[in-house]
Asks: 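This is the structure I have questions about; it appears just below.
Quick note on labels: first sequence line is chain A, next is B, and so on, each numbered from 1. The model shown is predicted, which means the values in this text are computed figures rather than measured ones.
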There are 2 protein chains.
Amino acid sequence: METDGRSRRREDTRQRLYEAAVELIAEQGFSATTVDDIALRAKVAKGTVYYNFKSKTDLFEELLRHGVGLLTEQFRLAVEGLPPREALRALIRAQLEYIRRYRAFAQLLLSEMWRTNREWQQTLILLREQAIGVIARTVQEGVDSGDLPAELDVRVASAALFGVGLVVAVDWLVFQPDRAIEDVEESLLAIVRRVA
Amino acid sequence: METDGRSRRREDTRQRLYEAAVELIAEQGFSATTVDDIALRAKVAKGTVYYNFKSKTDLFEELLRHGVGLLTEQFRLAVEGLPPREALRALIRAQLEYIRRYRAFAQLLLSEMWRTNREWQQTLILLREQAIGVIARTVQEGVDSGDLPAELDVRVASAALFGVGLVVAVDWLVFQPDRAIEDVEESLLAIVRRVA
DNA sequence: GTTTTTGAACTGACCGGTCAGTCTAAAAAG
DNA sequence: CTTTTTAGACTGACCGGTCAGTTCAAAAAC
């Protein structure tokens, strides 16, 4: 039933809906994006949207879970077995790679992450915690092992690293898409050299 | 005529509308915020919104102009007569002060700045250019005078500095509002020490 | 034969924008 | 000083369009 043809097909439809939704919402925002638009872009009937998700908000929340889940996964893979400072660089690279690959999702995240009073806010805070958690553990190890300055506030530094990577990378994609990723990585490292 | 009672009153109304709109849009986004909400919070009739602005979008654009104009102004005042490196620190401090004072506007800017395909995008790009321009001139001076590393890409570095300040500060206001601004300034400086 | 998708019609709440009319401070007329 | 006129500022009911969500019979996929 997992690898069953039917559920694979369904998963495929959901995937297409995610992709359509993510692009539209990144461009226009959640409220300005209509369910009809999403269905149209995903080349799916409107009924299908509601067969697969219980509401527009639900689709969006699942989307957030899906996207941030992938990012967190990449973070985990990136740091695996590496010593703190190397791990930190690996994290930055992983974040850049991820953002390049899922540009629209990154844009969307940047737009929604620091908003307040929206229905999905709690979901987002939780997901944020998971992703930043991976960074925080690495920073903590660095501080413990003396590789990083002891006066570093782990929570602040981790959140800052996450945010900095996000803006710089999205800024790159939006305003200077021709630059090579290596350039961007270099610029980013130049900026955060003190902690990474 | 300028200080006439009527135009003062009108200016007052516009100000109230700005404040109401900025808060609501920062929380919920442009599309999710209704003109009725804005009017209600500003304690003004809906018609008054349309008496003062030609449309909801127009109100928002004027708001952007107003807010970014103030920021750019602060930037200009901050760097006046200072040598590059000091000027750069003054810029960071000015940005933090501004964001603390106009928290909602900063949030809104963070949410909207890297969005594409919205009607007001061109306006925002222009305004962004003005604000970052002040930073860029300072960085350029620093590179020219040898105070900053010659290999620094001025455009990238300036945009990055602007973005970094914005996320770190907003993140601070949203997730750790109890921290003193000095702490945040320190963290920020620790991160960007390489260029500032 | 069961699950998934289609497609089109429909509903009702909501929302941007309009407009005819009210209020009032102050200028003009007496 | 008192009355009248003017016009800028504001009001709120209303209209037309839009959109999330529902329904369902029939087709397609497995």
Asks: Is any side-chain nitrogen or oxygen of A/T13 closer than 4.0 Å to OP1 or OP2 of C/dT5?
Replies: yes
Asks: A/K43 NZ to C/dG7 P: how many Å, rounded?
Replies: 13 Å
Asks: Whole-Å distance between D/dC30 C1' and A/D12 CG?
Replies: 14 Å
Asks: To the nearest Å, give me how far apart CG (A/L59) and P (D/dG21) are.
Replies: 10 Å
Asks: What integer distance in Å separates B/R16:CZ from D/dC10:C1'?
Replies: 11 Å
Asks: Counting only distance, no hydrogens or angles, is the base of C/dG17 paired donor-acceptor with the side chain of B/K46 under 3.5 Å?
Replies: yes
Asks: Among C/dG17, D/dA20, C/dT5, which is the nearest nucleotide to the side chain of B/S55?
Replies: C/dG17
Asks: Taking only heavy atoms on the protein side, list every residue of residues 17-41 of chain A lying under 4.0 Å from any atom of DNA chain C, sorted numerically.
Replies: none
Asks: Judged by modelled atom types alone, do A/N117 and A/Q121 share a side-chain donor-acceptor pair under 3.5 Å?
Replies: no
Asks: Can you tell me how far P of D/dG12 sits from OH of B/Y51, to the nearest Å?
Replies: 17 Å
Asks: For side-chain hydrogen bond (donor to acceptor under 3.5 Å, both in side chains), just list the numbers for B/E119 and B/T57, CA-CA rounded to whole Å, side-chain angles, deciding distance to a tenth of an Å, and then say yes or no.
Replies: CA-CA 8 Å; B/E119 312 137 78; B/T57 303; 3.0 Å; yes
Asks: Hey, are B/D12 and B/R16 close enough for a salt bridge, meaning a charged N less than 4.0 Å from a carboxylate O?
Replies: yes
Asks: Does C/dT4 have OP1 or OP2 sitting under 4.0 Å from an N or O in the side chain of A/N52?
Replies: no
Asks: Tell me whether B/E112 is salt-bridged to B/R115, with the criterion being a basic N under 4.0 Å from an acidic carboxylate O.
Replies: yes
Asks: Apply salt bridge (Lys or Arg N to Asp or Glu O under 4.0 Å) to A/E129 and A/R155, showing your working.
Replies: CA-CA 10 Å; A/E129 218 65 49; A/R155 268 184 66 78; 3.8 Å; yes
Asks: Using distance alone, with no hydrogens and no angle criterion, decide if A/T123 and A/E61 have a side-chain donor and acceptor under 3.5 Å apart.
Replies: yes
Asks: Closest to the A/Y50 side chain: C/dT5, C/dG17, D/dT22?
Replies: D/dT22
Asks: For A/E11 and C/dT3, what is the distance between atoms CD and C1' respectively, to the nearest whole Å?
Replies: 15 Å
Asks: So which nucleotide from C/dT6, D/dG12, D/dA20 ends up closest to the side chain of A/A45?
Replies: C/dT6
Asks: Can you identify which nucleotide, out of D/dG21, C/dT3, D/dT11, has its nearest atom closest to the B/T48 side chain?
Replies: D/dT11
Asks: Just the rounded figure in Å: distance from C1' of D/dA20 to CZ of A/F60.
Replies: 16 Å
Asks: Applying salt bridge (Lys or Arg N to Asp or Glu O under 4.0 Å) between A/R93 and each of A/E186, A/E185, A/E86, report the one that passes.
Replies: A/E185
